[in-house]
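Read the structure below first, then the notes.
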Amino acid sequence: MKRSKHRHTWLQGPVNHIVSTLNWSLILLIGFIWLSALAVVYTKHYSRVWHAKSEQLQQQRHALHTEWLQLLVDLSSWTNKSHLEHLAKKQGMIFPEQTEVLFLPPVDQSSE
């Protein structure tokens with residue numbers, strides 16, 4: 001008995017009245033509301049973080065797409081027939097006559 005009195009000495013006076021009148025379901029509800037508020041803050045923060053990351057990746061995708069289009073334009077200009085003829089003439093190359101073209105038969109791969 002002495003122990004139980006000693007254990008609850010802090011419940012005497014006004015504190016005893018407050019603790020005895022507490023509605024534990026209300027405390028539990030307030031705790032859940034508090035946890036829910038923290039969860040909203042947490043998800044809102046990560047929503048903003050992932051949205052910023054998404055925007056950054058979309059800008060990077062746009063830059064890569066622009067570079068790809070520029071490379072396609074460069075490729076088409078480098079493989080243009082008039083450009084190739086110009087380069088060949090600069091290097092002293094000439095287009096062979098029909099009589100100078102020699103066609104070789106395909107090599108049989110199975111005999112090797």
Side-chain angles (χ1 to χ4, degrees):
M1 280 231 172
K2 221 179 201 184
R3 236 183 194 176
S4 65
K5 280 186 180 180
H6 180 32
R7 194 182 311 167
H8 298 293
T9 55
W10 62 275
L11 291 176
Q12 296 175 0
V15 174
N16 186 18
H17 176 69
I18 292 171
V19 171
S20 65
T21 58
L22 283 178
N23 188 350
W24 291 105
S25 60
L26 180 64
I27 292 174
L28 189 61
L29 179 64
I30 290 172
F32 283 138
I33 291 172
W34 181 252
L35 286 175
S36 174
L38 288 177
V40 167
V41 170
Y42 177 80
T43 55
K44 187 69 174 176
H45 169 71
Y46 277 100
S47 171
R48 288 179 179 155
V49 167
W50 288 114
H51 180 71
K53 182 71 172 173
S54 171
E55 289 292 322
Q56 179 186 13
L57 289 174
Q58 285 185 7
Q59 288 175 355
Q60 184 180 8
R61 182 188 63 83
H62 179 70
L64 289 172
H65 182 69
T66 303
E67 183 181 356
W68 171 251
L69 291 177
Q70 184 61 43
L71 288 172
L72 286 177
V73 168
D74 290 347
L75 178 66
S76 67
S77 69
W78 281 100
T79 57
N80 190 352
K81 184 178 177 183
S82 63
H83 180 72
L84 292 175
E85 286 177 358
H86 174 72
L87 289 176
K89 285 180 184 177
K90 268 177 75 173
Q91 294 180 3
M93 298 180 178
I94 58 169
F95 197 85
E97 296 296 326
Q98 184 69 24
T99 58
E100 297 174 330
V101 177
L102 178 64
F103 291 100
L104 298 175
V107 179
D108 186 17
Q109 298 290 333
S110 61
S111 64
E112 289 180 7

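- Note that the NZ atom of Lys89 and the CG atom of Leu84 stand 12.5 Å from one another [nearest 0.5 Å].
- In terms of the ring pair (Phe, Tyr, Trp, His ring centres under 6.0 Å) criterion, Phe32 has no residue partners (sequence neighbours excluded).
- Rounding to the nearest 0.5 angstrom, the gap separating the NZ atom in Lys53 from the OH atom in Tyr46 is 14.0 Å.
- For Trp78, the ring pair (Phe, Tyr, Trp, His ring centres under 6.0 Å) partners two or more places apart in sequence, or in a different chain, are His83.
- Checked against side-chain contact (heavy atoms from CB on, under 4.5 Å), Leu104 has the following partners two or more places apart in sequence or in another chain: Leu102.
- Surrounding CD of Gln58 are more than 12 heavy atoms belonging to other residues, nucleotides or ligands, all under 6.0 Å away.
- Considering only heavy atoms from C-beta on, Leu26 comes within 4.5 Å of Ile30 through its side chain.
- The two residues Val40 and Thr43 come nearest to each other via the heavy atoms O-OG1, 3.0 Å.
- The number of heavy atoms from other shown groups lying within 6.0 Å of CD (Glu67) does not exceed 12.
- Note that NE2 of His86 and CD of Gln91 are 10.5 Å apart. Values are rounded to the nearest 0.5 Å.
- Residue Leu64 forms a side-chain contact (heavy atoms from CB on, under 4.5 Å) with just one option from Gln60, His62, Arg61, and that option is Gln60.
- Between Asp74 atom CG and Leu69 atom CG the span is 11.0 Å, to the nearest 0.5 Å.
- Grouping the Ile, Leu, Val, Met, Phe, Trp and Tyr side chains by contacts below 4.5 angstrom, directly or via other members, places Trp50 with Tyr42.
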